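Only a predicted model underlies this, so the values are computations on that prediction, with no experimental measurement involved. FYI, the numbering just counts along the sequence from 1.
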Amino acid sequence: MKCRITLIIFFGLIASSCSSLPTPTLFTKADAIVILSGNYQERAPVAAKLLAEGFANRIILTNDGVFSSWSAKHDRNLYQIEWAEEKLLSLGARREQIVKLPEFVDSTMSEAALASRYIKREGFKKIIIVTSEYHVRRALWSFGKAFENYPVELMMSPAPSSSSGIKIIAIEFAKLIYYKVRYGLI
């Protein structure tokens with residue numbers, strides 16, 4: 001019986017968390033766009049569109065250190081961050097508009113910490129974060145923690161995702177709970 005109650009509570013929390021996703025942001029001009037590592041195929045087009053529409057003039061890429069597929073142009077396998085850069089260039093971004101943070105990250109929290117160090121050093125005050133739509137809540141929470149004592153406006157631009165459904169929502173919800181416990185909110 002206890003297991004059944006836990007599952008009911010768990011799925012109830014998932015359902016309630018789905019209904020309280022951050023509302024779409026009305027964008028203002030930002031200092032930079034941050035694309036979180038992972039699915040650059042989903043995320044890079046959204047960032048490139050924001051760049052083309054003049055919402056920022058710089059894109060910051062984080063580096064998860066993951067090797068990806070072969071590039072005939074470069075005659076080697078590229079890292080995901082390099083593929084993201086190639087995609088952005090093919091969508092109209094200029095190389096000088098792209099900042100690749102060299103340190104490897106291994107979580108959304110480490111991405112937020114790394115990006116926040118760069119953003120603080122540059123004195124930026126408005127940032128647009130691009131990630132997959134299912135990842136928005138945890139990304140926003142992580143960046144909020146990273147900027148806890150720094151005045152910055154965070155805007156989210158969710159990329160439409162091919163990953164959806166109850167399984168991905170349950171995994172994201174579990175990760176969010178873990179983050180809140182691990183990084184000290186609860």
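For Phe104, there are no ring-ring contact (aromatic ring centres under 6.0 Å, His included) partners two or more places apart in sequence or in a different chain. Every residue was checked against the salt bridge (charged side-chain N to carboxylate O under 4.0 Å, His left out) condition with Lys29, not counting sequence neighbours, and none meets it. Take Phe124 and apply the ring-ring contact (aromatic ring centres under 6.0 Å, His included) test, not counting sequence neighbours, and it matches no residue.
Other residues, nucleotides and ligands contribute over 12 non-hydrogen atoms within 6.0 Å of the NZ atom of Lys100.
Taking the side chain as every heavy atom from C-beta outward, Ile98 and Glu96 never approach each other to under 4.5 Å. For the pair Ser37/Val105, a side-chain contact is recorded, criterion being any heavy-atom separation below 4.5 Å from C-beta on. Using a 4.5 Å cut-off on side-chain heavy atoms (C-beta onward), Ile59 and Glu85 make no contact. Side-chain contact check for Lys87 versus Trp83: every heavy-atom pair is 4.5 Å or farther apart. Using a 4.5 Å heavy-atom threshold, the side chains of Ile119 and Val34 count as touching. Put simply, the side chain of Arg95 reaches to within 4.5 Å of the side chain of Leu89, judged on heavy atoms. Counting only heavy atoms from C-beta outward, the side chains of Asp31 and Arg58 never approach each other to under 4.5 Å.
Side-chain contact annotation: Glu82 with His74, donor-acceptor N/O pair under 3.5 Å absent.
Distance check, rounded to the nearest 0.5 Å: OG1 of Thr108 to CG of Leu140 gives 12.0 Å.
Although no hydrogens or angles enter the test, the distance criterion places a donor-acceptor pair under 3.5 Å between the side chain of Glu133 and the main chain of Ser161. When atom types are taken as modelled, the side chain of Ser107 and the backbone of Ser110 share a donor-acceptor pair closer than 3.5 angstrom. Listed for the Arg43 side chain is a donor-acceptor partner under 3.5 Å among the backbone atoms of Leu36.
Phe55 and Leu91 end up in different hydrophobic clusters when Ile, Leu, Val, Met, Phe, Trp and Tyr side chains are linked at under 4.5 Å. By the rule that hydrophobic residues join a cluster once side-chain heavy atoms approach within less than 4.5 Å of another member, Tyr40 and Leu50 end up as members of separate clusters.
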>> Let's go through Ile35 and Leu88 carefully: what are the C-alpha distance in whole Å and the side-chain angles of both, what is the deciding distance for side-chain contact (heavy atoms from CB on, under 4.5 Å) to 0.1 Å, and is it a yes or a no?
In response: CA-CA 11 Å; Ile35 301 177; Leu88 289 167; 4.0 Å; yes
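Closest of all the heavy-atom pairs between Leu51 and Ala93 is CD2-CB, 3.6 Å. In plain terms, the two heavy atoms of Leu101 and Ile81 that are nearest each other are O-CD1, 4.0 Å.
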